[in-house]
Amino acid sequence: MAGDHDMPFFDEDDAPRFDAARAPMQQGAPSGIAARAMAARQGHNNPPEYLKGLNPEQRQAVETTEGPVLVLAGAGTGKTRVLTTRIAHILATGRAFPSQILAVTFTNKAAREMKQRIGILVGEAIEGMPWLGTFHSIGVKLLRRHAELAGLRSDFTILDTDDVTRLIKQLIQAEGLDDKRWAPRTFAQMVDTWKNKGLAPEEIPEGDARAFANGRGRELYRAYQERLTTLNACDFGDLLLHPIRIFRKHHDVLAEYHRKFKYILVDEYQDTNTAQYMWLRLLAQRPKGGNATTEGREPDRATEPSRGPRGALAPSGAEQRVSENKVNICCVGDDDQSIYGWRGAEVDNILRFEKDFPGATVIRLERNYRSTAHILGAAAHLIAHNEGRLGKTLFTDRPDPEDPRVNVHAAWDSDEEARAVGEAIEAYQRNRHQLNDMAILVRASFQMRSFEDRFIEIGLNYRVIGGPRFYERQEIRDAMAFLRVVANSGDDLAFERIVNVPKRGLGDATIRQIHDTARALGVPMLEASTRLAESDELKPKPRAALREVAANFARWQSLLDSTPHTELAEMILEESGYTDMWKNDRSAEAPGRLENLKELIRSMEEYESLRAFLEHVALVMDAEQNEGLDAVSIMTLHSAKGLEFETVFLPGWEEGLFPHQRALDEGGRSGLEEERRLAYVGVTRAKKNLHIWFVSNRRIHGLWQSTIPSRFLDELPEAHVEVQEGGGSSYGGYGNPYGGGAFASGRGGFSAGRQNPYGASRFDNLGSPSGGRAARGDQGGSFSNSYATPGWQRAQQNRTEATDRNWGTRSGHQVERIGYGEVDSGYGAGRTSVKGRTIEGELVAKSVADAPSAFKVGDRVFHQKFGNGNIAAVDGNKLTIDFDRAGQKKVLDGFVTAV
DNA sequence: CCTCCGCATATTTTT
DNA sequence: TATGCGGAGG
């Protein structure tokens, strides 16, 4: 077997032998890396340039090249710097060639950044690192070399989630199952979860197998894998799993890579899932006696029935013996920033590192270069509420007492929140802050909408980061499908996607016929179409259409080698009628789609060939956003990881949203801890200014819900936090008649007789003039006289100055203000009541099935926001109410009181 | 083939 | 509430 791989194995990137002084040089006198390498070898006392400016811990992390190393790199402690400098150091000291270093990241962005920074450190004279990339891109590289060992040809196609879902849908239908009852997406997700755990069809838990397709989950998974093999295709999970299986089975192959990779580096180790962990361990474990195989003691974790908590894979005795050998693996990560548990990441991997790699050096990077002492203090106090951490405390050596504290603000509802944040941003802008330095980080993307609406209204530039990606758009995927078929006529999934695009009258019936013919003849669908078009099995119309399709593809394929690929692509889109299709489309999106197609062609120019481009796109599903424009960034907390901004706004800190109810329901305590880590990530994005917001009312699924402040707010240390009375008071913009944003509708409501499951909060009364006090029997507080508060006065002013810049153009808001006034009169009686919640464990709230409503049709009720109204319909606890002023609304019964 | 209506669904996202 | 999907019907 080994002989089969020798050829591809020692090709481009395997330099035959090492010569530090020569290899990296291209011409001229020794300089750059070569000079540094020689200096290092000659034992000069002066540290090389690239080590200067590192702090002692960073330097230790760079210079401890031998043996297993775990670098616990807190937020903003120079993680990437350590990683790149470490690679530069290994290269400069002649410890390894670029091709002998395996460096894995999670995202293409991270890989790109690392390559670039290594380039800067080491000088342009060195060729790129061939084995620096994402788990998946390295997986493809391995699999292309050894494809036949996985039953594939080396030109296999990589399916993305969309392809996978369509394929699974076909399988479900082929099994005679109802694809409505058994959603293909759901099953695709299940398969993904199994693959994240490294499980083959025979290894999945019985319960999982039974849970789908009338208990036929296992067979379906198996059928799916078989279908992939037939199609000469694999999904993202396979890019890791196939190499794992090859390594396990073919020890000679594994041994080659053991010899090859002298150093292994892993970025964001806390995000690794079980499959990635298995993959890494296979590559990292070296058998004791030189090149001997690991035969007989190869761990087969996937079949191990017993695991520790949360799927932890305790190393077996055999593995421990194996791993005694020195392994130069360096994992960098931060357990406090592990936020991807829901997609299979195992925090345990990082928590267990020292057990997995006995004798490991653990280095903590805690010196933070990003944030102020207040922000770090807040972050530290917050994250300290988590158990099971490795434990780190960030510090800065430039404390500045003048720094602003972390600001906590209250708002009445999400619209007001958006308004207040907008005003805060404008205030910063007036103080010459760049919009580019500000970001709004939300928990869930639906929160973005109120900000977008508001910013459009006031003409504030913003940019949404994340969301649907360039390569996931319909027009791009269609165009890609054309190209895929041209490059590989066996790509049936791509073919099916576009046979009838633009519409050519090839309906389901014809496509089924192509399918059947293809299967009967054992040929790809394109081939089958060609033959069908020549036969008279089809009616004239589809036959002609199909003949044209087949002829088109034949022509394009014949041009593949002779025509520049960008030109060919343009030709394909033109001749297929695809561009015309969008030109004739009068919908609003059509021009944008044409623009995207142009962009696609443009981006192809960077690649040598169509194939090179397609390979790239399969794995790199990101496209750059337009820089240059000064705009506020809006994104989710998840996509903010790794970024930093001068000023950060964190809206929506309410129970149920953040921590998210679903995380609590499904993840229990560990779910809560992951939410807290997410909060920690959010807080640590800020360099100087941090504003946290919560609202009292949020519309969820169209129903107004009264909310209570997030428990995370209570976990912030008072010393570093300043509570802003009234949402945007410090920016002098707005206010509501109650002197600020929020009523004590949440916790205040509880304390009136119900139990607040989270205990009293110091935010209970924030912004509440009388509601909170009334509810809790007056405990004074900062709002003992609501009419004296700045907020109230501001509100009065605002009401009279209707032409004020902040109000004038927004009739909607003005109406809403008046609405508040109406509410005012009845407020005392209209105290909110909130449904109780059960508590599971100590801290975790479970949502509770709502009891039937005590109200009936015709009842006269009062609602805080909408005023008085009559109940028009009752559905469980959901009420449809005709409000006197606000019209018909649906509202939960907990938020209205009988009048 | 296109349009309209009813129905389910409504965190987080990379490769 | 809003969105998107799939089926039914023109």
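Residue numbering restarts at 1 for every chain, and letters A, B, ... go by the order of the sequence lines. Because the structure is predicted, anything quoted here is derived from the model rather than measured.
Considering only residues two or more places apart in sequence or on other chains, A:Arg166 meets the salt bridge (charged side-chain N to carboxylate O under 4.0 Å, His left out) condition with A:Asp162, A:Asp163.
Among the protein residues, A:Arg185 comes within range of no part of the nucleic acid, since none of its heavy atoms lies under 4.0 Å from any strand. The residue A:Gly507 sits apart from the nucleic acid: no heavy atom pair falls under 4.0 Å. Here A:Asn500 lies in heavy-atom contact (under 4.0 Å) with sugar-phosphate atoms only. Using a 4.0 Å heavy-atom cutoff across all strands shown, A:Lys541 reaches no nucleic acid atom at all.
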Each nucleotide N or O in nucleotides 2-12 of chain B that has a protein N or O under 3.5 Å away: list the pair and distance.
unit_1, atom_1, unit_2, atom_2, d
B:dT11, O4', A:His660, NE2, 3.4
B:dT12, OP1, A:Ser445, N, 2.8
B:dT12, OP1, A:Ser445, OG, 2.3
B:dT12, O4', A:Arg443, NH2, 3.3
B:dT12, O2, A:Trp342, NE1, 3.2
B:dT12, O2, A:Arg443, NH2, 2.7

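Between A:Phe658 and A:Trp653, the ring planes lie perpendicular to each other; the angle is over 60°, past the 30° to 60° tilted range. Using the six-membered ring where Trp is involved, A:Phe212 and A:Phe187 have ring planes that are tilted, between 30° and 60° apart.
A:His136 has its NE2 atom 17 Å from the P atom of B:dT13, to the nearest Å. If you take CD of A:Glu268 and P of B:dT15, they are 12 Å apart, rounded to a whole angstrom. Between the CG atom of A:Leu637 and the C1' atom of B:dT13 there is a distance of 13 Å, given to the nearest Å. As rounded to whole Å, 15 Å separates atom P of C:dG4 from atom CD of A:Glu472. The nearest whole Å value for the distance from the NZ atom in A:Lys109 to the P atom in B:dT13 is 13 Å. For the pair A:Gln173 CD and C:dG6 C1', the computed distance is 12 Å after rounding to whole Å.
Within the 3.5 Å criterion, the main-chain N or O of A:Leu239 finds no donor-acceptor partner in the side chain of A:His136.
Between A:Lys169 and C:dG6, a side-chain N or O to OP1/OP2 separation shorter than 4.0 Å is present.
In the model, A:Gln337 has no side-chain atom that pairs as donor or acceptor with a side-chain atom of A:Tyr680 under 3.5 Å. For the residue pair A:Asp334/A:Tyr269, the side-chain donor-acceptor check at 3.5 Å is not satisfied. For the residue pair A:Arg281 / A:Tyr277, a side-chain donor-acceptor distance below 3.5 Å is found, with atom types taken as modelled.
Taking atom C1' in both C:dT1 and B:dT12, one finds a spacing of 22 Å when rounded to whole Å.
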